[in-house]
J.: 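One structure coming up, written as structure tokens, with questions to follow.
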Amino acid sequence: MLLPRVDALRAFVGLVSFAGLATLAAAVSLGGGDALARLDAVSILFAVAVVIGECVPLRMVRHGTETEITTSSTFAFALLLSCPPAAAIAAMALGALVSDLARRKSPTKIAFNVGQYVLAMGAAAAVLAQLTSVPLPGRDVFAPVDLPAIALAGLVYFVANAMLVARVITLAEGSAFLAYLRRDFALQTSTVGLLLGLAPIVVIAADFSVVLLPLLGLPLLAVQRAGRSAVEKEQQALHDNLTGLPNRLLFADRVEQAIHLSSRESTQAAVMLIDLDHFKEINDTLGHHAGDVLLQTIAGRLEAAVRDADTVARLGGDEFAVALPCVRAPGAVERVAQTVLAAVAQPVLLDDMRLEVEASVGIAVFPHDGASTEELLRHADVAMYRAKAAGTGHEHYAAEIDERTPDRLKLTGELREALESGELQLAYQPKVSLADGTVSSVEALLRWRHPVRGEITPDRFIPIAEQSGLITALTTHTIRSGASQARAWLDAGLDLSVAVNLSARCLIDRGLVDDVADALGAASLPPDRLTLEITESMIMADPDRAREVLERLRAMGVGLSLDDFGTGYSSLAYLKRLPLDELKIDRSFVSGMDADPADAAIVGSTVGLAHSLGLRVVAEGVEGERVWDQLVALGCDAAQGFFLSRALPPAELARWLAERDELQTPRAGYGKPAGRGSAGTTQRRTAVSQIA
Ligand code: C2E
Ligand code: CA
Ligand code: CA
């Protein structure tokens, strides 16, 4: 794999160098004398400007890397229009030689650069000679009729030069020729193209009076300033304002390059996501200025902690990332992670305060943990979340031995497809009021009907989604379809609020808030018709961050429900500070409470506790009538479970609701399920029969 390309590179460099030198020799021996005879003050000035232009290039940034452009082409082309071709070709060769020698480039590189310029200029000269008699004998300047041919010669120079450069770079990098050429052309046209266009003007001006030549500095200055402002614009688009570090866009590009390089050199590349812990506290208590200083300090330390070839980026908020190309030593990534953690952990002194933060680092390594930029970032994110949840500082993405079984891998791929093809559907399970049997909300539960494997339960595929990083897309999908279903029901006159389950990763994701807002907007759904169910363990993974996200959701008007209550370890004192509306008692306490007095006691005291905090209480896993009766007696607000209904597809749920309404008599009891002599509301009947 490796050798053929190295050979191709060598052959190409050799060919260009040889052909260039041969052309140079031919041009000088055939036309050198003629050119020398024609040399005057102006042409000498042009030649000097070529050499100076080569040696003092203009700096600019391209695709995030600084590059240089030279003004030599303006004067070399001017020379071509006013002297025999040997002069321009020789001046170009001399310029390349002098500037490359000054920069101590290797002989091969010098030979190639000289060859490349000579060939491009030679091609332009050939076009000019074919189509016109420019340069005219004596000191005559070209005529307007020659301009199209001159433009064509300029184009040939431009294209030949760009192609030779693109070929050698893509051969050396192992990247795609056409893609490079496309990216390069835009910049080249705006700089080299412009500089070439100046050449005829230079010739005319010089013919008019040599005194005018200094005035040409002005357009060159303009080109330089345009270049610099392009640099600045690129800088802004690809860098973070606060820290000056590359942003997400540029980072992705660097990871892409790192992958390229590593696959070429058969080494590894690593992506590291770094998320600060407790940053929000500092920002909140000490103000944004302190937060900014902290971020800047940490940015500087991270840069100092890695090699020059590595890229440190700020992805947003308090999230940083490092790309490590060409990792050779086995323990190298591990060491960098330790250094990064140590660099972050050092206290930052601000005014008289010592600010301390810690970080969680997630690592994914190419090619083992992912083959694409997107996959590596996703997996580093999974690892980062794990480090955060476990409080271990850093974690490698581990598609662990048992988790990486071929079957699981296959399922991961299928899950991704299922997500795209709509194989994943939501079913809705009603939450029934224990007071009057009404249903005002339903829980959306994912159902995956696999064409071959049959129904796959969420307990099986949600962990896979979390492990593979697909969970973010999955959650977005669920929130969107839940919201649009709620909208469809509303339109049909059925006022049901939909509860969507969130997965652990989502709650420390600031993007979640925007996703929810987008989903509500897209469905034009009033925010209170959407509830998000979260578990204690999700909150405890990063309580500060979780509270921030919850508060923003609350401010938006979305309902928040604490799921599986009783299975985690949340402190009551902590719960009190969270903006919650509802608490769901875990089904492990509920389903057997009629047989186990301890469970009944737990449920009873949880109801009391929740009410004292002003929360509505839902008991989940209600499987029988006796439990239902107990819950009524305990004053629980709502029940959910197989006794009432399983999760149903939307149409079936509507039918179920309609049937209940048919069976229920307005004044009976306290609202047990339909068919068991319970009561309910009649006011919904018309609405439901419309859609059932
Ligand atoms: P969960 O949020 O606690 O959801 C309730 C689960 O209990 C559902 O299982 C439901 O079918 C089941 N259930 C309902 N009534 C009864 C009952 O009377 N007895 C018993 N034994 N079980 C009952 P399901 O649908 O298999 O979902 C399992 C878990 O998967 C859910 O637990 C939830 O954590 C997760 N999940 C489901 N859908 C989603 C989703 O869209 N996103 C995320 N992140 N997680 C989901
Ligand atoms: Ca739930
Ligand atoms: Ca639950």
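Both ligands and their constituent atoms are indexed starting at 1 by order of listing.
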J.: Whether Lys388 and Asp277 form a salt bridge (side-chain N of Lys/Arg under 4.0 Å from carboxylate O of Asp/Glu) is what I want to check.
T.: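 A salt bridge links Asp277 with Lys388.
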
J.: At under 4.0 Å between heavy atoms, is it the side chain or the backbone of Val622 that contacts ligand 1, or both, or neither?
T.: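 The answer is the backbone of Val622.
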
J.: Would you please indicate if the ring centroids of Trp656 and Tyr428 are separated by under 6.0 Å?
T.: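 Not close enough - the centres of the two rings lie 6.0 Å or further apart.
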
J.: Taking non-hydrogen atoms only, is Glu620 closer than 4.0 angstrom to ligand 1 via side chain, backbone, both or neither?
T.: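 It is the side chain that gets close, since no backbone atom is under 4.0 Å.
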
J.: Closer than 4.0 Å to some heavy atom of Ser503 - which atoms of ligand 1 meet that?
T.: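 Heavy-atom distances to Ser503 below 4.0 Å select 44 (N).
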
J.: Kindly report the OE1-the Ca ion (ligand 3)-OD1 angle for Glu620 and Asp564 respectively, rounded to 10°.
T.: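 OE1 of Glu620, the Ca ion (ligand 3) and OD1 of Asp564 span an angle of about 140°.
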
J.: Using a 4.0 Å heavy-atom cut-off, say whether Thr478 meets ligand 1 through its side chain, its backbone, both or neither.
T.: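 Side chain only.
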
J.: Quick one: does Gln425's side chain have a donor or acceptor within less than 3.5 Å of a partner on Gly422's backbone?
T.: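 Judged by distance alone, yes, a pair lies under 3.5 Å.
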
J.: Which residue and non-hydrogen atom of the protein lie closest to atom 20 (C) of ligand 1, and at what distance in Å?
T.: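 Sorting protein heavy atoms by distance from atom 20 (C) of ligand 1 puts Glu623 OE2, 3.2 Å first.
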
J.: Report yes if some heavy atom in the side chain of Glu395 is under 4.5 Å from a heavy atom in the side chain of Val361; otherwise report no.
T.: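 The answer is no, as the side chains (C-beta and beyond) never meet within the 4.5 Å cut-off.
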
J.: Within the 3.5 Å criterion, strictly below it, is a donor on Asp564 or Thr567 matched to an acceptor on the partner's side chain?
T.: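 No, Thr567 and Asp564 have no side-chain donor paired with an acceptor closer than 3.5 Å.
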
J.: Quick one: is the NZ or CZ of Arg646 closer than 6.0 Å to the six-membered ring centre of Phe642, and within 45° of its axis?
T.: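 Yes - Arg646 lies over the ring of Phe642, closer than 6.0 Å to its centre and within 45° of its axis.
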
J.: Determine, counting only non-hydrogen atoms of the protein, whether one lies under 4.0 angstrom from atom 11 (O) of ligand 1.
T.: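 So far as the 4.0 Å threshold goes, atom 11 (O) of ligand 1 is in reach of a protein heavy atom.
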
J.: Can you confirm, on distance only, whether ligand 1 has an N/O atom lying under 3.5 Å from any N/O atom belonging to Leu446?
T.: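 Indeed, backbone or side chain, Leu446 has an N or O that close.
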
J.: For Asn501, is at least one N or O under 3.5 Å away from an N or O on ligand 1?
T.: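 Yes, there is a polar N/O contact under 3.5 Å.
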
J.: Starting from atom 36 (N) of ligand 1, find the nearest protein heavy-atom neighbour and note its residue, name and distance.
T.: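 The closest heavy atom on the protein side is Pro458 CB, 3.9 Å.
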
J.: Using atom types as modelled and distance alone, determine if a side-chain donor or acceptor of Glu536 lies under 3.5 Å from a backbone N or O of Gly566.
T.: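 It does hold such a pair.
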
J.: Can you say whether the rings of Trp448 and His450 are parallel (under 30°), tilted (30 to 60°) or perpendicular (over 60°)?
T.: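 Trp448 vs His450 ring planes: tilted.
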
J.: When you measure from the heavy atoms of Gly621 to every atom of ligand 1, does any distance fall below 4.0 Å?
T.: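 Within the 4.0 Å threshold, so yes.
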
J.: Under 4.0 Å from atom 26 (O) of ligand 1, is there at least one protein heavy atom?
T.: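 Yes; the ligand atom in question has protein heavy-atom contact below 4.0 Å.
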
J.: Would you mind naming the N, O or S atom of Glu443 nearest to the Ca ion (ligand 2)?
T.: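 Among the N, O or S atoms of Glu443, the one closest to the Ca ion (ligand 2) is OE2.
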
J.: Taking only heavy atoms of Gln429, which atoms of ligand 1 are found under 4.0 Å from at least one of them?
T.: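 Under 4.0 Å from Gln429, ligand 1 has these atoms: 14 (C), 15 (N).
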
J.: Of all the atoms in ligand 1, which lie at a distance below 4.0 Å from a heavy atom belonging to Asp564?
T.: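 Near Asp564, meaning under 4.0 Å from one of its heavy atoms, ligand 1 has 3 (O).
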
J.: Got an N/O contact under 3.5 Å between Glu533 and ligand 1?
T.: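 Min N/O separation from ligand 1 is not below 3.5 Å for Glu533.
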
J.: Any salt bridge linking Arg416 with Glu420? Criterion: basic side-chain nitrogen under 4.0 Å from a carboxylate oxygen.
T.: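 Salt bridge flag = no for Glu420 with Arg416.
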
J.: Using a strict cut-off of less than 4.0 Å between a Lys/Arg side-chain nitrogen and an Asp/Glu carboxylate oxygen, indicate whether Asp275 and Arg545 qualify as a salt bridge.
T.: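 A salt bridge links Asp275 with Arg545.
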
J.: Can you tell me which residue and heavy atom of the protein come closest to atom 6 (C) of ligand 1, and the distance to 0.1 Å?
T.: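 The closest heavy atom on the protein side is Arg587 NH1, 3.2 Å.
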
J.: Looking at the Ca ion (ligand 2), which N/O/S atom of Asp563 is the nearest one?
T.: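 Closest to the Ca ion (ligand 2) among those atoms: OD2.
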
J.: Looking at Lys431 and Glu582, is there a salt bridge between them, counting it only when a charged N and a carboxylate O are closer than 4.0 Å?
T.: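 So Glu582 pairs with Lys431 through a salt bridge.
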
J.: Quick one: which ligand 1 atoms are inside 4.0 Å of a heavy atom on Glu443?
T.: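 In order of number, 2 (O), 4 (O).
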
J.: Charged N to carboxylate O below 4.0 Å: is that the case for Glu533 and Lys584?
T.: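 Answer for the salt bridge query: yes.
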
J.: Closest non-hydrogen protein atom to atom 8 (C) of ligand 1, residue and atom name please, with distance?
T.: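 For atom 8 (C) of ligand 1, the nearest protein heavy atom is Leu445 CD1, 3.7 Å.
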
J.: Does only the side chain of Gln640 get under 4.0 Å from ligand 1, or the backbone, or both, or neither? Count heavy atoms.
T.: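 Under 4.0 Å from ligand 1, Gln640 contributes no heavy atoms.
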
J.: Between ligand 1 and Phe642, is the shortest N or O to N or O distance under 3.5 Å?
T.: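 Yes, since at least one N or O of Phe642 sits under 3.5 Å from an N or O of ligand 1.
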
J.: Would a distance-only check, ignoring hydrogens and angles, find a side-chain to backbone donor-acceptor pair under 3.5 Å from His379 to Asp369?
T.: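 The answer is yes, because a donor-acceptor pair under 3.5 Å joins these two groups.
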
J.: Under 4.0 Å from a heavy atom of Leu502: give me the atoms of ligand 1 that qualify, with their elements.
T.: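 Counting from 1, the qualifying ligand atoms are 44 (N).
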
J.: So that I can check it, does any N, O or S atom in Ser561 come closer than 3.0 Å to the Ca ion (ligand 2)?
T.: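 For Ser561, the answer is no, given that no N, O or S atom comes within less than 3.0 Å of the Ca ion (ligand 2).
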
J.: What N/O/S atom of Glu533 is the closest to the Ca ion (ligand 2)?
T.: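 Atom name returned: OE1.
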
J.: Before accepting this row, confirm whether a basic side-chain N of the pair Arg529/Asp495 lies closer than 4.0 Å to the acidic partner's carboxylate O.
T.: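 Between Asp495 and Arg529 there is a salt bridge, with a charged N closer than 4.0 Å to a carboxylate O.
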
J.: Do we see a donor-acceptor contact under 3.5 Å between the side chains of His611 and Asp637?
T.: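 His611 vs Asp637: donor-acceptor pair found between side chains.
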
J.: Which of the atoms in ligand 1, numbered in the order shown and given with their element, are less than 4.0 Å from a heavy-atom of Asp459?
T.: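 Those of ligand 1 that fall under 4.0 Å from Asp459 are 28 (C), 29 (C), 30 (O).
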
